[in-house]
Amino acid sequence: DTGVSQNPRHKITKRGQNVTFRCDPISEHNRLYWYRQTLGQGPEFLTYFQNEAQLEKSRLLSDRFSAERPKGSFSTLEIQRTEQGDSAMYLCASSLSSGVKTQYFGPGTRLLVL
Amino acid sequence: KNEVEQSPQNLTAQEGEFITINCSYSVGISALHWLQQHPGGGIVSLFMLSSGKKKHGRLIATINIQEKHSSLHITASHPRDSAVYICAVRPPKVEGADGLTFGKGTHLIIQP
């Protein structure tokens, strides 16, 4: 297994457009997390899934944001009607839900909204 | 909401020096992570600990649950240790709550 992968790695879009990011977790990991990191700051939690169930959502996840994990494997994060303030690095991580729960991070998707 | 504070924010040291980065948090946790982030964004998990001390190579992490404080030490520092080191805490074991709360990171530069 090659670890957590994210696509695309970079995305430039115009304000008002919709964007979708994908995360493929480590195959045996049943938990998947989304975080957002703005320049010079630490990451902030957005949401996480256990299998296909979305168990927790941050207040940061406005109604323009939606995340899915339909089959309990890969996940998508969609941002509708993007705003310049959405420009950030979007990070995905995965872990087991029992035993050693270390979170393994993907390389991130860097979004720039013009 | 847990408040996670790291110090220092920036640290420049000479190769070979002993490095200490501190992390304090405001509310009880189930575990604390130390993460390393290199330019370009990739994050690597260094340690996850809930008590005591862990050691991996030249890295040592300690945690004091009563004082809500953790430290990351680097012995015999090397320029390749230059990175941002981030402390993150996991909430107590409550149904459905598992998102990490992160500090802002410590930007470490080791000069040759």
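A, B, ... follow the sequence lines: proteins, then strands. Residue 1 opens every chain.
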Just list the side-chain donor-acceptor pairs under 3.5 Å for residues 87-94 of chain A, sequence neighbours left out, or say none.
from	atom 1	to	atom 2	distance (Å)
Ser87(A)	OG	Gln84(A)	O	3.0
Ser87(A)	OG	Val113(A)	N	2.9
Tyr90(A)	OH	Asp86(A)	O	2.7
Ser94(A)	OG	Ile26(A)	N	3.3
Ser94(A)	OG	His29(A)	ND1	2.8

Candidate pair Phe105(A) and Leu35(B), rule side-chain contact (heavy atoms from CB on, under 4.5 Å), full reasoning: CA-CA 10 Å; Phe105(A) 286 80; Leu35(B) 308 165; 4.1 Å; yes
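Of all non-hydrogen atoms in Thr102(A) and His33(B), the two that sit nearest each other are CA-CE1, 4.3 Å.
Note on Val4(B) and Val84(B): separate hydrophobic clusters, where clusters join Ile, Leu, Val, Met, Phe, Trp and Tyr whose side-chain heavy atoms are under 4.5 Å apart, directly or indirectly. Tracing side-chain contacts under 4.5 Å through hydrophobic residues (I, L, V, M, F, W, Y), one reaches Tyr85(B) starting from Ile29(B); they form part of the same cluster. Grouping the Ile, Leu, Val, Met, Phe, Trp and Tyr side chains by contacts below 4.5 angstrom, directly or via other members, places Leu55(A) apart from Leu32(A).
If you measure heavy-atom distances from Tyr35(A) to chain B, the contacts under 4.5 Å come from the side chain alone. Both the backbone and the side chain of Gln103(A) come within contact range of chain B, each with at least one heavy atom under 4.5 Å from a heavy atom of that chain. In this structure, chain A has a heavy atom under 4.5 Å from the side chain of Ile86(B), while its backbone stays farther away.
In this structure, Phe45(A) has its ring center at least 6.0 angstrom away from the ring center of Phe102(B).
Proximity to chain A at a heavy-atom threshold of 4.5 Å picks out Met48(B) from residues 47-66 of chain B, in numerical order.
The number of heavy atoms from other shown groups lying within 6.0 Å of CD (Glu68(A)) does not exceed 12.
Separating the CD1 atom in Ile43(B) from the CD atom in Gln37(A) is a distance of 5.5 Å, to the nearest 0.5 Å.
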